[in-house]
Each structure stands twice: as structure tokens, then as C-alpha cells.
Amino acid sequence: MVVILLLLGLLGLYTLGNISPSASEINYTITRSSSKAHIALAEHLQKLEAKMYGAFWCDHCNEQKEMFGQGAWSQVNYIECDAKGKNSPPDLCKAAKIKGFPTWEINGQLYLGKQSLQTLADLSDYKGSQDFQNNSSKAVPEKE
């Protein structure tokens, strides 16, 4: 009897340790504002139909969002790959063969990892203002 109770207890601890958070439990607020250059780059990427694949729990994805700032990020075509995320179409991520986050798709090419705004400008042949400043600040978790 003691062995059964011990096994049930261990199973319960294992299960609790493997529960992943939902999108409602992890909310990130972008704290940085966007410059005209940030917004222009985001609009350029949108016109190209560039995409960023990510996951709500991914720190590098949230850092990438922060690089753009509040106004510009809303222009970026973001694909949430975790099925627990808001408006998630995980089948798109599987079809695109996304192997890690963030992944950018620009002109049919995939680029794995967080990219500087200058790199995104170069990859997308962006010709506008490139006064992106140092955008190394991190997204801040929002507590509910």
C-alpha cells in the first residue's frame, strides 16, 4: 500500500512539473516606443509578406518584438506556433518546417534566430531610413 501511494505521489509531482504555461499565464508588454524608421521597416516587411514565427513563451521572440517597439510591432506578420498561444495556427509552422524560435521568413528564405533590425533591413532590401538605434531592451512580463 505504501509503495502504491509513493508511486501515485511521484506521478503527481511529475505531472505538475510538466504542465506548460498557457498564453494567458505569460503576457508580455512591449515597453519601447517605435521610431519612424522602426515603423517604416515593419511596413516594408508587411508589404513583402515577411513573417516571424514564434511562441508566446520564447524570450528571444519577445526581445525581437521589443526591438520593433509598440507601434511598429503591430505591423509585423507574426505567426504564433504554440497551440496554446492566442490565435495560433500551428499547422502553418509545421508546413513551413519551423525548427526554432524566432524564425523569420523573408522572400521565401528562412532565417533562424533573433535578427537585428539592420539585418532584417538588409535581408529584405529595405531602402528607407535605417536609424534604428540600439534596441537591446527586453520585453517585460506583465503580471495578472
Side-chain angles (χ1 to χ4, degrees), residues 5-144:
L5 289 175
L6 182 61
L7 289 173
L8 287 173
L10 288 174
L11 179 62
L13 288 175
Y14 175 78
T15 302
L16 284 175
N18 286 312
I19 296 174
S20 61
S22 69
S24 64
E25 294 171 314
I26 300 178
N27 290 316
Y28 285 89
T29 300
I30 298 171
T31 61
R32 183 179 204 91
S33 59
S34 302
S35 71
K36 289 180 182 179
H38 294 98
I39 293 169
L41 174 60
E43 289 173 347
H44 169 75
L45 291 168
Q46 185 183 57
K47 286 178 188 169
L48 283 181
E49 298 181 5
K51 300 172 187 75
M52 187 186 111
Y53 297 90
F56 67 90
W57 45 261
C58 167
D59 287 337
H60 294 296
C61 300
N62 291 316
E63 290 168 4
Q64 186 78 79
K65 294 173 187 178
E66 190 72 22
M67 284 180 173
F68 278 93
Q70 293 173 348
W73 180 251
S74 66
Q75 303 297 314
V76 174
N77 185 7
Y78 174 70
I79 310 294
E80 173 63 47
C81 292
D82 190 305
K84 293 181 181 179
K86 185 178 179 181
N87 301 322
S88 173
D91 291 342
L92 289 179
C93 302
K94 288 178 185 175
K97 299 182 180 165
I98 302 304
K99 299 192 186 324
F101 309 121
T103 295
W104 283 91
E105 182 179 349
I106 301 171
N107 295 324
Q109 291 288 112
L110 295 178
Y111 302 93
L112 181 61
K114 181 176 68 174
Q115 307 294 326
S116 72
L117 297 184
Q118 184 62 56
T119 298
L120 292 171
D122 294 343
L123 292 171
S124 67
D125 200 30
Y126 171 70
K127 301 296 185 202
S129 170
Q130 299 189 13
D131 183 20
F132 300 127
Q133 308 161 15
N134 181 4
N135 288 328
S136 59
S137 62
K138 192 175 181 183
V140 179
E142 182 181 279
K143 296 185 180 182
E144 291 191 22

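Model, not experiment: these values are computed from the prediction.
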Contact between [X] and [Y] at the side-chain level, heavy atoms closer than 4.5 Å - yes or no?
X      : Y      : result
Glu63  : His60  : yes
Leu123 : Trp104 : no
Ser129 : Lys36  : no
Glu80  : Phe56  : yes

How are the rings of Trp57 and Phe101 set to each other: parallel, tilted or perpendicular (split at 30° and 60°)?
->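 Trp57 vs Phe101 ring planes: perpendicular.
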Does anything in residues 72-108 pair up under disulfide (SG to SG under 2.5 Å), and if so which pairs, sequence neighbours excluded?
->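 Found Cys81-Cys93.
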[X] to [Y] - nearest heavy-atom pair and separation:
X      : Y     : answer
Asp131 : Ser35 : O-OG, 4.0 Å
Ala121 : Leu41 : CA-CD1, 3.9 Å
Ala55  : Cys61 : N-SG, 3.7 Å

With Asp91, which residues qualify under side-chain hydrogen bond (donor to acceptor under 3.5 Å, both in side chains), at least two apart?
-> none
Could you tell me whether the side chain of Gln70 and the main chain of Ile30 form a donor-acceptor pair under 3.5 Å?
->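 Yes.
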Report yes or no: does Ser124 contribute a side-chain atom to a donor-acceptor pair with the main-chain N or O of Leu120 at less than 3.5 Å?
-> yes
From [X] [atom1] over to [Y] [atom2], what is the distance, rounded to the nearest 0.5 angstrom?
X      : Y      : atom1 : atom2 : result
Leu117 : Tyr126 : CG    : OH    : 10.0 Å
Phe68  : His38  : CZ    : NE2   : 8.5 Å
Tyr53  : Leu110 : OH    : CG    : 7.0 Å
Ser34  : Trp73  : OG    : CH2   : 11.0 Å
Leu112 : Lys99  : CG    : NZ    : 10.0 Å
Leu48  : Glu105 : CG    : CD    : 11.5 Å

Cut-off 3.5 Å, side chains only: do Asn62 and Glu66 have a donor facing an acceptor?
-> no
Would you check if there is a donor-acceptor pair between the side chains of Gln64 and Gln115 at a distance under 3.5 Å?
-> no
Decide if atom CD of Gln130 counts as having more than 12 heavy atoms of other residues, nucleotides or ligands within a radius under 6.0 Å.
-> yes
